Amino acid sequence: MLTTVGNLTADQLRERLSTGPADFAALARDVRALAVQDLPRALALSHELVEGSAAGSGDRLTALLARAHARGYANQFEPALTDLDDAASIADSLRLDAELGNVLLVMIQPLARLGRLDEAEAAARRAIAKLDESAHRLQAGKARVNLGVVLRMRGKAAAALEAFDAAIPILSEDRMACAMIQSNRAEALLNLDRFEESRVAFEEALAVFAAQGAGHAAAMVEGNLADLLSRLGRVDDAVLRFEAAQARYQTAGALGDVARLQAEEAEALLGVGAARRAAALYERAASHLEPAGMAREAA
């Protein structure tokens, strides 16, 4: 249950911020939680949060982190990195080492999604060091998860599994975090051709995300599960999963990801000779990917 943002519109939040002191930490937590449920509203609220904070302050740093988080979910990676660079500058100027670690932690995903994997790995390792030094154990665990993701993207699946396994005992009491680890472990296992272990891990993660109402995360996992089923030749099951994942992304407002999955579904259909259905999906996906900032996928 969102305790501070609740059902506020952007205009109402702007009015609240203009009339007196605000608990930016609580507002930022709520905006981050909202990003997996109602992404357009989270983006609008995060913008007002940044505009309502004092330049160079800890509140501005907190607001920038929340907006970068929402922008990452919306595939707005360049704007997210701009926010994070600004947040890192504030953390440096205020000598907030733990907060700098948190900024570096959030920075990993947009760097990785933009293909800047050297920088992403460096950010992950710096984040782990800063958060370990500051005794922020849970955040350091999350940084290890992100390091594992980057290592997997770099083709180092076995090393990625080691990073994920190192994070599990740190985050064992957080069901959502453990589900995210399982999702990422599943992808590493898939890269190692350990298909049955991968399927089980994806399904465990999906069950938790769906139960917690984390629609965006559930959509990501269901899309990956669809891809796995397609690789195993279970195309009918894969198509059902692709369409379920698209529906979850649609509900979350992530239209670019809907189009991306349409293209992946088309590829699965093409593999079994359903060329006409595949062509229709490719055409539909292509018309939406570039406007969503996903030019590489559109090409």
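Predicted model, so just to flag it, every value in this text is computed and none were measured. The figures that follow rest on heavy atoms only: side chains count, while hydrogens, waters and symmetry mates do not.
A salt bridge links D165 with R185: the distance from a Lys NZ or Arg NE/NH1/NH2 to an Asp or Glu carboxylate oxygen falls below 4.0 Å. Classification of R231 and D227 as a salt-bridged pair holds, one side-chain N sitting under 4.0 Å from a carboxylate O. Taking a cutoff of 4.0 Å between a charged side-chain nitrogen and a carboxylate oxygen, D118 and R154 qualify as a salt bridge.
Contact record, S53 with F24: CB-CE2, 3.6 Å, taken as the closest heavy-atom pair. Contact record, R60 with A54: CB-O, 3.2 Å, taken as the closest heavy-atom pair. Listed here is the closest heavy atom pair of A70 and L39: O-CD1, 3.5 Å. Between K130 and L100, the shortest heavy-atom contact is CE-CD2, 4.0 Å.
Counting heavy atoms from C-beta on, the side chains of L65 and E99 come closer than 4.5 Å. The shortest distance between side-chain heavy atoms of S57 and I90 does not fall below 4.5 Å. With contacts defined as side-chain heavy-atom distances shorter than 4.5 Å, the pair E203/L206 does not qualify. Two residues are said to be in side-chain contact when any heavy atoms from C-beta on lie closer than 4.5 Å; L138 and D174 fail this criterion. Side-chain contact between F164 and Q182 is absent, with no heavy-atom pair separated by less than 4.5 Å. Under the 4.5 Å side-chain criterion, counting only non-hydrogen atoms from C-beta, H216 is not in contact with F209. Residues R260 and Y249 are in side-chain contact: their nearest non-hydrogen atoms beyond the backbone lie under 4.5 Å apart.
Transitive grouping of hydrophobic side chains (ILVMFWY, heavy atoms separated by less than 4.5 Å) keeps V150 and M107 in distinct clusters.
Note: E197 CD to F202 CZ = 12.5 Å, rounded to the nearest 0.5 Å. Considering NZ of K142 and CZ of R137, their distance stands at 13.0 Å, rounded to 0.5 Å. Here the CG-CZ distance, from L27 to R32, works out to 11.0 Å after rounding to the nearest 0.5 Å. One finds the CZ atom of R284 at 8.0 Å from the CD atom of E265 (value rounded to the nearest 0.5 Å). Interatomic distance, R234 CZ to L240 CG, rounded to the nearest 0.5 Å: 10.5 Å. To the nearest 0.5 Å, atom CD of residue E222 and atom CG of residue L229 are 9.5 Å apart.
Side-chain contact check for N146 and Q109: no donor-acceptor pair (N or O, by modelled atom type) lies under 3.5 Å. Side-chain contact annotation: R67 with H47, donor-acceptor N/O pair under 3.5 Å present. Looking only at atom types and distance, the side chain of N184 has no donor-acceptor partner in the side chain of R152 under 3.5 Å away.
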Applying salt bridge (Lys or Arg N to Asp or Glu O under 4.0 Å), run through R241 and D236 and close with a yes or a no. CA-CA 9 Å; R241 292 289 191 177; D236 288 342; over 6 Å; no
- Query: Step by step, would you call L105 with I128 a side chain to side chain contact (heavy atoms under 4.5 Å, CB included)?
  - Reply: CA-CA 8 Å; L105 173 59; I128 291 168; over 6 Å; no
Would F242 and Q262 count as a side chain to side chain contact (heavy atoms under 4.5 Å, CB included) here? Give the steps.
CA-CA 8 Å; F242 276 127; Q262 287 172 342; over 6 Å; no
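Taking a 6.0 Å sphere around CZ of R277, one finds it holds 12 or fewer heavy atoms contributed by other residues, nucleotides or ligands. When the shell of 6.0 Å around CD of E267 is examined, it contains 12 or fewer heavy atoms from other residues, nucleotides or ligands.
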